[in-house]
Amino acid sequence: MIEKTLGKIYIGLILVFMYTPILVLIALSFNDSRSRVVWGGFTLKWYRTLFDNSSIMSAFGTTAALAFVSAAVASLIGLFAAIGIYSMKKRSVKVMLFFTNIPLLNADIVTGIALMLWFVRFFPLGFVSVLTAHITFNIPYVILCILPKLETMDIRQFEAARDLGASTAYAFTKVILPDLLPGILAGFFMAVTMSMDDFVITYFTKGPGVNTLSTLIYGEIRKGIKPEMYALSSVLFLLVLIILIIANKTDTVKEN
Amino acid sequence: MNRKRTRFLSTPYILWIVGFTVIPLLFVFAKAFTDQSGTFTFGNVTAIFDSVHRKALLLSVELAFISSLICILISYPAALIIKASGVSNKKTIMFIMILPMWMNFILRILAIQMLISSNGIINHFLTVLGISPMSIINTPVAIVIGMVYDYLPYMLLPVLNCVLAIPEDIIEASKDLGANRFHVLTKILLPLSLSGIGSGITMVFVPSMTEFVIANILGGGKIQLLGNIIEQEFSVSMNWNLGSGLSVTLMIFVLLTTVIFGRTTSESDRGFVI
């Protein structure tokens, strides 16, 4: 009994460690003072002025476009790559997984520098160079989410559909795709998350004038972060929290 | 399914790997082994032995090692507690781990700074309670706190996955055969969790060794890790050759960690049924 309570306290402490900084940031979004350490009373004004702050709104637009476009492209390339890898011989699988692991394991700073050195040779750094970089580090997440689903899939159902006269494309969309969908969605979600959270690779591959939320915040560290940034981050955080809770609920309902 | 034909579906990805993973790395090597006029040299790579660089490298390795160790010490008991509690809803656990990433990484580190700085929130409470305030900001301790905070999920997830996968029967069997709790831990649980701990180490050690933002914010710009030095060579000193040379050294360390703790092998040895 005592052991169980101690266990709960231990897990509780880890959660406190993980979530206290987030609560601090949410609290700051309601702080009626530009200072980070002085509590000036409760206000909602940062949420109202948020939409008038053009630098934050444009950085948010860039961040969201980057996240969704890079995740979509990475999911497409990654889906085909995973199916390709799945049908390869064991030796080729090893080689492919080795290269897939490079962006995951290599230091972000090295990945960023390498891409930057390659890009500056051929075209000006800008949105496209950052997008290419994000697709590059997102594909591995998608592949590693889809491969396990392919392994547990029953390929005979696809073959049966083909035998019964379905075209390859029809059998693929009706039999294989539904099986892989949870993996594809998980990969897409991981890719969006990683893209939104990235700073280092964006920092090296972006051109002047292009700013994501991360690089905008980095530039503001010395001047002080605009309170609207806390407001936007809190909104985003709560939005994802709600989406994930709903997704989790519908999943458990389905399983029951 | 015609396997010979479906193999070619990975062609776009192979082209992508060549174009955006392999060739860029070759560019780093090309820069690393030439000087600014383009003649071949080993100077940029051996520059790691200069006293400033050597100090930064040693400190980076030291802090990365301490951070990984603390992450293991926090994660392993947590994994055992979660396993014992029978709550094995992995989706919920995954969700709790990934959710913080939706608050911007730099903002989270700034929040840590607000919490632990000399006139920060924690010190404020300590003073109210009559305890003497701590002064850890701008020290390596602060950087380690930031690293453990940011990379803990990368240790928790693989360790938890591994511990949850250990069959209950084996533990029961060893208990029936007279093993006490200490023996269950050292002879059964730990050996079977090594692959999870190994992948956790690579996932924590590499980013904490190469990170420069955490050191910038929590170290007050005074503590130089290897990542900070490389970043400055690119953005301030504009010596891209030296920056690339030091990056090559960094890559050697990344490679060493992966070889020692073998994440790539455990990944590919999972046994794909082909």
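Heavy-atom basis, side chains included; hydrogens, waters and symmetry copies ignored. By convention in this document, chain letters (A, B, ...) are assigned in the order of the sequence lines, proteins followed by strands, and residues within each chain are numbered from 1.
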Salt bridge between B:Glu233 and B:Lys31, side-chain N to carboxylate O under 4.0 Å?
no
Decide, yes or no, whether a salt bridge links A:Asp197 with B:Arg108 under the criterion of side-chain N to carboxylate O below 4.0 Å.
yes
Counting only heavy atoms closer than 4.5 Å, note whether [X] contacts chain A via side chain, backbone, both or neither.
X	result
B:Asn216	side chain
B:Phe234	side chain
B:Ser235	side chain
B:Phe29	neither
B:Leu99	both
B:Leu9	both
B:Ile121	side chain
B:Thr92	both
B:Gln113	side chain
B:Leu25	both
B:Pro100	both
B:Met103	both
B:Leu115	side chain
B:Val22	side chain

